[in-house]
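Throughout, a chain's letter reflects where its sequence line sits, starting with A, and its residues are numbered from 1.
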Amino acid sequence: MYKAKVFVTLKPSILDPQGNAVKKGLLSLGFNNVEDVRVGKYLEVTLEAADKEQAFKDIDEMCKKLLANPVIEDYSFELE
Amino acid sequence: MYKAKVFVTLKPSILDPQGNAVKKGLLSLGFNNVEDVRVGKYLEVTLEAADKEQAFKDIDEMCKKLLANPVIEDYSFELE
Amino acid sequence: MRFAVIVFPGSNCDADCYHVVKEVIGQEVDYVWHREQKFSQKYDCVILPGGFSYGDYLRTGAIARFSPIMEEVINYAHQGGLVLGICNGFQILTEAGLLPGSLVRNKELKFVCKDVYLKVENNRTPFTIDYAPGQVIKVPVAHGEGAYVCDPDTLERLKENNQIVFRYSTAGGEASPECNFNGSVDNIAGIINEKGNVLGMMPHPERCAEAVLGNDQGKYVFTSIVKWLKGGQVRGK
Amino acid sequence: MENNRTEKPWIELGLTDSEYERIKEILGREPNQVELGMFSVMWSEHCSYKNSRPVLKTFPTEGPQVLQGPGENAGVVDIGDGLAIAFKVESHNHPSAIEPYQGAATGVGGIVRDVFTMGARPIALLNSLRFGSLSSPRSRYLFSGVVSGIAGYGNCIGIPTVGGEVYFHPSYEGNPIVNAMCVGLLEHKDLAKGVASGVGNPVMVVGAKTGRDGICGASFASEELNDASEEKRPAVQVGDPFMEKLLMEACLELIKTGYVVGMQDMGAAGITSSSCEMATKGNTGIEIDVALVPRREEGMTPYEIMLSESQERMLVVPVKGKEAEVERIFSKWGLDAVVVGHVTADGMLRVKEGDKVVAEVPAKALTEMCPVYHREAKMPEKLPEIQNCDLKSLSEPSNYQKVFLDLLSRPNIASKEWVYEQYDHMVGVNTVVRPGADAAVLRIKGTNKGIALTIDCNSRYVYLDPYTGGKVAVSEAARNLVCTGAKPLGLTNCINFGNPEKPEIFWQFKEAVRGMSDACRALNTPVTGGNVSFYNETKGEAVFPTPTVGMVGLIEDLSKVCTLGFKNQDDYILLLGENSDELGGSEFLAMYHGLEAGMPPKLDLEKEKALQNCTLELIGRGLINSAHDISEGGLSVALAECCLAGRLGAQIKLESPIRPSALLFGETQSRIIISISREMLEQVREVAQKYGVPISKLGVVQGKSLVINGNDFTINLSLSEIEARYKGAIPCLMKG
Ligand SMILES: Nc1ncnc2c1ncn2[C@@H]1O[C@H](COP(=O)(O)OP(=O)(O)O)[C@@H](O)[C@H]1O
Ligand SMILES: [Mg+2]
């Protein structure tokens, strides 16, 4: 059994209103040292696979097909 | 300048409708080896801080106060 | 004419589209369940309705795009069949690659339901020939993730090919930043594919197609389709 | 909860010693742990109404239009043509205080299930919300969380949220009020009930899997909020509107097959409440094997399964032999439908885990044998002093125009557009009159008819005089419907009060119900259902007593529907009803003088009834062009609302011996502003005379400003200035 931690982030060129809102929220709470906030998605996918290589390939394909939209998002992942 | 990667996840006992839907989606795409999917948030927070320890303390407080909802969510983070 | 309204789990404007096609413009219409592999009828137009297919979990339209029926819809579109995606339907069309770009969260991060003005930028499409060139219409929007985004090249192409069909505008027809309530690139509210047979729009023409609801300006999207299919002429030429 | 941590585990579960004795008496033995848990939730106030039942019995509940009165998941009223409306309101105050988004969202989910359980397709949602002052960050957090939770759930399931109300008052700071109302449309023949009959029929669990959500939720909703509430945090459930949408479609499809004997949503207390309630109504018993219940988590005990409040589940009793049909429909929608037991003849709710019996109690012991408390009622000692506060000698403002503008931007009065723009209020293509009017109007497809919907309560009036406040809540709701041309059919209510064990609170409750009942009788609006939420207190302080009233009315001819906006230049503006010198309980008094005192506006039910009948006739005969009820903020604010809604100004002349503050801002009841074409004046007067309703001329529709002239005051403002204040107030505060 493998567990992948997948990170999906908005491409730098895409505005991130949610990140801005969180930043504002932090500033108004007094965290004046915050420079920037970006908000993305974090997915934990548990899967069965013959070996790590296969798991890696599968996860990569899942990201490409469904988990991230290449028009607006980038992805990366770690496999355990 | 420090950069924190913050992971916010639903507590294990809390229903994760998103995760269920994504899991079903992956299964229907033919990824029959998927066992479980949980969906959470991933935030990148860039902040100014005197030292790493201070940055750590700040991020932890941000999580407690705003970034995670302690009623239903857990958080963890990595600092760079 | 025969219309199909695709029903995804979580579609919720399917009945509204069905109602308008059947009761308002008097055409035949079938619901088509997302698990179907093939159309059992020959359709003149396929509508992907609004709603929250698969709860809009993960990304709007992302999971619905892989419903079995979508392969058929994609083929149908490639063969030149008319496809109208409204709101969630638009989102599904971009996820399926039938339309360029994507729809992301409204700039204020809130769901917005209200009337907006749209300028008909291109009335020479199968979906707009019943509108006058540059006509301004009032149509409701209801979405949380309707900000249209695309890369600069795509935008150029959209402009060059006259693919921008509707823009958010003032009552006077000016596509000003103030009326761009959701933060769409270039005030884009609806686009068509290059071939001109697949339209996606965030506003809901089916919600303003009857006088009893106080506004019937959206009806003409549907009458345009019928007229175009009958070989009708573009208005105001 | 697993191991008895104290000597008296029932105390921890919210049962008293005498209640525990009663349980032992009923069973003839000590209850085991599962049974004790079941009793504790079913005998909580939330499920048993043990404190409120004797008082609620005094509501009038009958009328020729009532197809289903209180006692089912929702009330049902007839609208002719073989069609009927199911509707109900429910509170989700305590969950919303802890997690506003999910608390409010699951509140919507619950009330929607109550309505489609009746066989009705939900066609509209409304909500009634109350928070502390918007100057407090916590109130803003709760307000925005609750609104987006309602939006998130309602929008996703595709039911339009067409109306509601929002108030802000410090008494709600720690304990917000979140009431959600759902309205559904059904054919008489599809009316379904929550009953388990037919011995041997299967009992099925359908919908979502069961997890450890909200265990103890129901008893939690019956306790005051205090710091220890933090401890109970797992009691928060997460809603899955997508699942609910599928469940709704599957259940409605199932009901159409005619195979459903009974169906009940799993609300508070989950499988326990649904099974014992269905058995009680069917005069039967139910046997369930918890091992068969589809679960989301591993290692769940029978206790947890029986008490879980996981959302989006239902208990269905189909006709024996049709199990496969039920499974087929649910699997089409991607849902579980599993036989977990069957209906028995012995009246017992028997819970097994495999072969082992883990609980066995008479179903009726849980539902009907809970002790009923006749609580002591006592008027609060300080109330007479507050009521008798001398309002006659208050100083008059020096600048009425400024007061007027300030009132328009009071959150309690200002436009609630910020709220309802976040709700999809149009999906379904039935919304003829949208939020922002006196009542929402929906057409009924395939007929000429419409229904009007509203939810109302001024809790400050109820606080100052519960009897009058109760009367006003019902009357104002009816008046709001009447202003659209709808005849009120019936009401549902949600009683949100403090701790009923306190005599002062119980007195408020009794008095408010008495006032509501009197108004219901006078206006022919029977109560078809409702909900009681007690223990709305923080640190011993109760919220303002808040009996919200949700009402449904019928418009026979939709082409006659009336709205509040002025329609034509030069129309006459008239007042039906009479101004009087009343300031008690008004928003003006609270804002300008900082007083919440005096007696609330009087209400004469005979006059109210005449006014409503008169207005209905005027609208029915097409004699008037607009109608608007005068409520918070008084005559001047109501005029401004008519102007803004119609985008037309008005020239008003007020000649009256009444002091200007009361004339402009007093909240005297039984008044409606109408506008008419000039040539209708005589006919309109005649109708008013026939009903004995005072009628007077206020002015004319004119220009793009609102001008109000009186003996020693003038208000003269452009509509854009008025609109900026009225619409800008809440967005501005929420940015803060
Ligand atoms: N929470 C809410 N949700 C939806 N609509 C709301 C909400 N609060 C207020 N509204 C709408 O705003 C309008 C004004 O509400 P209110 O001030 O209570 O009016 P009234 O005094 O006539 O009852 C109504 O149309 C109401 O439906
Ligand atoms: Mg009101």
From B:I14 atom CD1 to D:Q102 atom CD, the distance as rounded to the nearest 0.5 Å: 8.0 Å

With a 6.0 Å cut-off (strictly less than), is the heavy-atom count around CZ of B:F31, excluding the residue itself, greater than 12? yes

For chain D, find its close neighbours in residues 17-28 of chain B: heavy-atom separation under 4.5 Å, sorted by number, or none. B:P17, B:K24

How many angstroms lie between atom CD of D:Q237 and atom CD1 of B:I72, to the nearest 0.5 angstrom? 11.5 Å

Looking only at heavy atoms, the pair that brings D:I98 and B:V71 closest together is O-CG2, 3.8 Å

